Amino acid sequence: MQEHPHFDNSLSSLRHTASHIMAQAVKKLRPEAKLAIGPSIENGFYYDFDVDEPFTQEFLTAVEKEMKHIVKQNLKLERFELPREEAIRFMEEKGEPYKVELIRDLPEDAAISFYKQGDFVDLCAGPHVVSTGKVKAFKLMSVAGAYWRGSEKNKMLQRIYGTAFETREELDAYLTRLEEAKKRDHRKLGRELDLFDTMEEGPGFPFFFPKGMTIYNTLVDYWHDLHRKAGYQEIKTPIILNRALWEQSGHWDHYRENMYTTVIDGEDYAIKPMNCPGGILAFKRKMWSYRELPVRMGELGLVHRHELSGALHGLMRVRCFTQDDAHIFMTPDQIKDEVIGVYNMAAQIYKTFGLDYHVELSTRPENSIGSDEMWEIATNGLRGALDELGVPYVINEGDGAFYGPKIDLHLEDCLGRTWQCGTIQLDMNLPERFDLGYIGPDGERHRPVMVHRVVFGSMERLIAVLTEHFAGAFPLWLAPEQARILTITDRADEAALALRDKLFDAGIRVETDLRNEKINLKIREAQVQKIPYMLVLGDKEAESGMVAVRSRKGTQEVMSTDALLAKLLEEIRTKAL
């Protein structure tokens with residue numbers, strides 16, 4: 001058992017102490033600043049301040065300097081408690097209205113604790129490290145606006161973000177990773193490589209340009225191939241459906257603020273935020289026999305959701321996106337096998353992209369619907385599938401959807417960042433709401449179990465993740481331009497055009513650069529565009545029927561055009577990384 005539970009040496013406690021050191025430094029430099037909250041977060045810490053003048057980058061530099069001085073003093077952190085009314089008076093005397101509000105919101109019997117370091121005192125539950133001297137490796141990252149308690153009805157505060165690590169080496173490694181992430185930012189690469197962008201005429205509504213559409217369509221072709229082999233039927237459902245449908249599904253009451261609506265012939269309609277109700281109508285069009293189940297219906301469906309402008313982020317967080325949805329309708333005893341099938345498909349896809357992932361199983365929440373028996377069948381079906389697969393997974397108790405348990409697949413990119421893309425959700429709500437049925441072996445009508453699942457997540461987010469994961473240097477099968485033929489002299493033009501036709505006819509995405517420019521310039525430009533192969537032709541190659549093949553990694557070899565074509569086709573066929 002820990003001897004002093006309010007002090008520990010975890011990274012979270014170190015960062016929490018760093019936030020207090022930052023608050024102390026801000027109060028020293030701007031005594032009029034009012035303190036709000038300052039927690040540790042996943043990659044660091046922040047503190048919110050109420051000030052009249054916004055913080056600048058120069059001010060952050062001054063704060064960092066003052067923080068180093070506080071660390072050097074090695075001030076001991078001392079915890080003490082006060083009775084409720086005394087705690088309120090204490091904070092009122094210090095002129096800290098936000099702290100007073102926080103104390104008033106605490107339960108009547110709560111212990112109200114404070115931490116003191118030197119002449120700085122803060123309302124805080126802890127824990128912390130024992131002294132400021134422990135916080136040696138830190139960096140202030142940025143400043144942003146943040147509403148008090150996250151509500152736009154409240155005052156906008158100034159939030160300073162920072163990070164801290166136990167050693168300078170760990171901090172430097174983290175900052176290097178951040179710099180690498182900036183270089184890989186899909187918004188930046190999308191513009192530089194002319195793939196996609198968002199424009200002020202439609203915030204959150206992305207544009208895909210020809211090269212970006214090549215990537216998009218290649219992924220769609222891959223999706224179709226996988227789903228055809230896995231026994232899915234593809235459907236397409238309308239983008240606008242009437243209010244009565246969304247009331248029946250529950251979206252009108254529970255998701256209305258995120259939906260775009262319109263009026264047609266005097267009646268309310270909504271642009272779909274989800275594909276599920278349309279998929280249900282496609283299933284309900286006839287009465288199925290148990291012999292026909294499971295029915296797997298896949299749809300690449302365009303959905304629209306109203307996101308706040310501050311939450312929008314390139315292709316990662318948009319207002320319209322294409323979900324690679326599928327809805328599987330099955331008997332209860334088919335759950336395990338169907339979940340295994342979905343999982344295996346997702347695992348195959350993520351392996352193809354070279355992405356690691358981890359699995360989480362979320363179980364019944366407090367506000368759930370459905371019988372205990374159905375929840376037990378559903379949860380055991382998911383758990384049984386994961387156990388049979390031998391997959392390590394984390395259980396999130398009570399974190400399932402109100403309508404059923406779910407499995408989430410979190411992708412990890414080459415920088416160690418995670419993205420929630422794939423999900424397998426069992427639903428006991430919509431089959432009930434829409435009175436779905438099938439005829440069982442007993443000749444009676446039974447309720448099917450419904451699974452919602454996505455494996456790509458959304459086309460837009462997947463393309464953003466892949467752009468950053470590959471830093472724009474897509475594997476050959478995905479690359480918008482797979483090869484570029486570069487001539488050294490115009491005497492090689494005829495051979496270049498013949499090679500282009502040969503590769504093009506075989507399905508290779510190939511371009512030519514016949515400009516009267518130095519070959520080094522042509523190579524450099526092709527490398528900037530991250531083209532997988534540069535095919536160089538000079539007099540010697542034109543005469544011999546050979547080609548100098550240069551990869552974007554810098555390797556070079558001379559080969560026949562037949563050998564080149566075979567090499568490219570094999571690399572595409574195997575989806576080599």
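What you see is a predicted model; the values in this text were computed from it and never measured. Start at 1 with the first residue, then count along the sequence.
At least one donor-acceptor pair closer than 3.5 Å links the side chain of Thr214 to the backbone N or O of Pro210. Within the 3.5 Å criterion, the main-chain N or O of Ala479 finds a donor-acceptor partner in the side chain of Arg509. Panel note: side chain Asn242, backbone Leu245; a donor-acceptor pair is recorded below 3.5 Å. No donor-acceptor pair closer than 3.5 Å links the side chain of Arg319 to the backbone N or O of Phe205. Listed for the Lys284 side chain is a donor-acceptor partner under 3.5 Å among the backbone atoms of Phe434. Although no hydrogens or angles enter the test, the distance criterion places a donor-acceptor pair under 3.5 Å between the side chain of Gln334 and the main chain of Leu293. When atom types are taken as modelled, the side chain of Gln482 and the backbone of Leu476 share a donor-acceptor pair closer than 3.5 angstrom. Looking at Thr163, its side chain does come within 3.5 Å of a backbone N or O of Asn43 through a donor-acceptor pair. Under a 3.5 Å cut-off, the side chain of Arg184 and the backbone N or O of His469 do form a donor-acceptor pair. Put simply, the side chain of Tyr350 gets close to the backbone of Val455: a donor and an acceptor are under 3.5 Å apart.
The environment of NZ in Lys286 is crowded: more than 12 heavy-atom neighbours from other residues, nucleotides or ligands sit within 6.0 Å. Residue-environment remark: CD (Glu180) exceeds the threshold of 12 foreign heavy atoms within 6.0 Å. The number of heavy-atom neighbours closer than 6.0 Å to CZ of Arg285, taken from other residues, nucleotides and ligands shown, is above 12.
Residues forming a ring pair (Phe, Tyr, Trp, His ring centres under 6.0 Å) with Tyr403 (at least two apart in sequence, or on another chain): His452. Taking Arg433 as the reference, Asn429 meet the side chain to side chain donor-acceptor pair (under 3.5 Å) condition, with sequence neighbours excluded. For Asp442, the side chain to side chain donor-acceptor pair (under 3.5 Å) partners are His446, not counting sequence neighbours. Legend: residues meeting side chain to side chain donor-acceptor pair (under 3.5 Å) with Glu468, ordered by chain and number and at least two apart, are His186, Arg417. Applying the side-chain contact (heavy atoms from CB on, under 4.5 Å) criterion to Thr574, with sequence neighbours excluded, gives Glu570, Ala576.
The closest side-chain heavy-atom distance from Glu388 to Ile340 is below 4.5 Å. Contact annotation: the side chain of Asp105 approaches that of Arg149 to within less than 4.5 Å [non-hydrogen atoms, C-beta and beyond].
Using a 4.0 Å cut-off between charged nitrogen and carboxylate oxygen, Glu267 and Arg243 do not count as a salt-bridge pair. Ion pairing between a basic and an acidic side chain is recognised when a charged N comes within 4.0 Å of a carboxylate O; Lys155 and Asp48 show no such pairing. Using a cut-off of 4.0 Å between Lys/Arg side-chain N and Asp/Glu carboxylate O, Asp562 and Lys502 are scored as salt-bridged. Residues Arg453 and Asp324 are paired through a salt bridge, judged by an N-O separation under 4.0 Å between the basic side chain and the carboxylate. The pair Glu511-Lys211 does not meet the salt-bridge criterion, since no charged nitrogen lies less than 4.0 angstrom from a carboxylate oxygen. Salt-bridge formation is not detected for the pair Lys182/Asp185: no Lys NZ or Arg NE/NH1/NH2 atom is positioned less than 4.0 Å from an Asp or Glu carboxylate oxygen. Ionic pairing of Glu101 and Arg104 is not present here: no N-O contact between side-chain nitrogen and carboxylate oxygen is shorter than 4.0 angstrom.
Between Ile508 and Ile572, the shortest heavy-atom distance links the atoms CD1-CD1, 3.6 Å. Across every non-hydrogen atom of Phe504 and Val510, the tightest pair is N-CG1, 4.0 Å. Across all non-hydrogen atoms, the minimal contact from Ser458 to Phe321 is CB-CD1, 3.6 Å. Here the closest non-hydrogen pair linking Pro431 and Arg447 is O-CD, 3.4 Å. Closest of all the heavy-atom pairs between Pro273 and Arg305 is O-NE, 2.8 Å. Here the shortest heavy-atom pairing between Phe283 and Gly437 reads CE2-O, 4.0 Å.
Note that OG1 of Thr237 and CG of Asp325 are 9.0 Å apart. Values are rounded to the nearest 0.5 Å. Atom CG of residue Leu386 and atom CD1 of residue Ile424 lie 7.5 Å apart, to the nearest 0.5 angstrom. How far CZ of Arg500 is from CG of Asp505: 9.5 Å, rounded to the nearest 0.5 Å. Between the NE2 atom of His313 and the CZ atom of Arg187 there is a distance of 4.0 Å, given to the nearest 0.5 Å. Within the model, atoms OH of Tyr216 and CZ of Phe209 stand 15.0 Å from one another, a figure rounded to the nearest 0.5 Å.
A cation-pi arrangement is not found for Arg15 relative to Phe45, the charged atom failing to lie both closer than 6.0 Å to the ring centre and inside a 45° cone about the ring normal.
Residues His224 and Glu234 bring a donor and an acceptor atom of their side chains to less than 3.5 Å of each other. Inspection of the Tyr533 and Glu571 side chains reveals an N or O donor paired with an N or O acceptor under 3.5 Å.
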I'd like to know whether Ser40 forms a side-chain hydrogen bond (donor to acceptor under 3.5 Å, both in side chains) with Ser12, so could you lay out the CA-CA distance, the side-chain angles of the two residues, the decisive distance to 0.1 Å, and finally the verdict. CA-CA 6 Å; Ser40 65; Ser12 174; 3.0 Å; yes

Apply side-chain contact (heavy atoms from CB on, under 4.5 Å) to residues Gln425 and Asp427 and explain how you reach the verdict. CA-CA 6 Å; Gln425 299 183 345; Asp427 190 344; over 6 Å; no

Which atom pairs, donor and acceptor, lie under 3.5 Å between side-chain atoms of residues 251-261 and protein residues at least two apart or in another chain?
unit_1: His251; atom_1: ND1; unit_2: Ser249; atom_2: OG; d: 2.6
unit_1: Asn258; atom_1: ND2; unit_2: His306; atom_2: O; d: 3.0
unit_1: Tyr260; atom_1: OH; unit_2: His306; atom_2: ND1; d: 3.3

